[in-house]
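Data block below; observations after.
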Amino acid sequence: MSPDEGLAFVERHGVVLQAARGPVPSLAEAIVGGPIRGSWWGHPKGREIFRVAEAICESPDVLVCKLVDGKVTYIHRRLWPALVKLASHFRKEQLAKVWNEHTRSGAHRARRMPFPAWVPSDVVKEAEQLSHAKAEETLSPWLALGSKSPKGGDKGRRLTGR
C-alpha cells in the first residue's frame, strides 16, 4: 500500500485504527491483508506499515487521536465538523490530537494537543452551521459503538456518551 492509498483508505472509511483490532478497520491489517499476530513492528510488512502510517499522521486531512478504546485512531477531515458538533458525546482525552516527537537523543516523546485547540476555524464554522441531527447522521456508524465512560468501563460501547 502506498501512502496515497493509505490516505484514501482513511478517507473512504472515515474512522480507522492504526494497528489495533476493534470495531473499525485497521490500517495495519489492511496493508498485510489480514490479522497480525504480535506486534506489527516485527511483521515482514512492518516498514511498509510504518511508512504509510507516518504519511497519514503528517496529513493535514487526518486527526490522529485515541478515540476508539484508547488506541491510535485516524479520523478523516470530512467527519471533523460532525465530531466538533457532537463533542459533548466524547471525553476530552478521546478528542485530543496526539503525535510522537523525536528528541535529539533519538527517543520518542508522546505529545498531545487538547480539544478544541487543534480544530481549524473553518471546521468550527462548519460545525456551527451543521444541525445536530445531520451531525448524528454523519457519525451514526460510530455513535452506536460508544460510551463516554473511561477505558475499561462499558466494553460494548466504545466511542460516545449516549
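Between L67 and Q94, the closest heavy-atom pair is O-NE2, 3.0 Å. When all heavy atoms of S2 and E5 are compared, the pair lying nearest together is N-OE1, 2.7 Å. Looking at every heavy atom in both residues, H132 comes nearest to L86 through CE1-CD2, 3.2 Å. The minimum heavy-atom distance between W80 and V62, with the atom names listed, is CZ2-C, 3.6 Å. Pairing each heavy atom of S26 with each of A20, the nearest pair is CB-O, 3.4 Å.
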Report, one line per pair, each donor and acceptor closer than 3.5 Å where one atom sits in a side chain of residues 111-131; sequence neighbours left out.
residue : atom : partner : partner atom : Å
R111    : NH1  : E101    : OE1          : 3.3
R112    : NH2  : E93     : O            : 3.3
W118    : NE1  : L95     : O            : 2.7
D122    : OD1  : R77     : NH2          : 3.2
D122    : OD2  : R77     : NH2          : 3.2
S131    : OG   : K134    : N            : 2.9

Do any side-chain atoms of residues 48-58 form donor-acceptor pairs under 3.5 angstrom with protein atoms, and if so which ones, sequence neighbours left out?
residue : atom : partner : partner atom : Å
E48     : OE2  : M1      : N            : 2.1

Donor-acceptor contacts, no H, no angles, side chain residues 32-42, under 3.5 Å, sequence neighbours left out:
residue : atom : partner : partner atom : Å
S39     : OG   : W41     : N            : 3.1

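Within the 4.5 Å cutoff, the side chain of L139 has no heavy atoms near those of the K85 side chain. Considering only heavy atoms from C-beta on, V64 stays 4.5 Å or farther from K97 through its side chain. L27 has its side chain within reach of Y74: a pair of non-hydrogen atoms, C-beta onward, lies under 4.5 Å apart. Side-chain contact between L79 and W142: present, with at least one pair of heavy atoms (C-beta onward) separated by less than 4.5 Å. Side chains of K66 and Q18 form no contact here, defined as non-hydrogen atoms less than 4.5 Å apart.
For T73 (side chain) and V68 (main-chain N/O), a donor-acceptor pair under 3.5 Å exists by modelled atom type.
Applying the ring-ring contact (aromatic ring centres under 6.0 Å, His included) test to pairs two or more places apart or on separate chains, those with a residue in residues 12-37 are F9-H13.
Both V10 and V98 belong to a single network of hydrophobic side chains, linked directly or stepwise wherever heavy atoms of I, L, V, M, F, W or Y lie under 4.5 Å apart. When hydrophobic clusters are built by joining Ile, Leu, Val, Met, Phe, Trp and Tyr residues whose side-chain heavy atoms come closer than 4.5 Å, directly or via intermediates, V16 is not grouped with I75.
Annotation: salt bridge (charged side-chain N to carboxylate O under 4.0 Å, His left out) contacts of E11 (sequence neighbours excluded): none. Among residues two or more places apart in sequence or in another chain, the side chain to side chain contact (heavy atoms under 4.5 Å, CB included) test is passed with A107 by T103, S105.
R47 CZ: 12 or fewer foreign heavy atoms inside a 6.0 Å radius.
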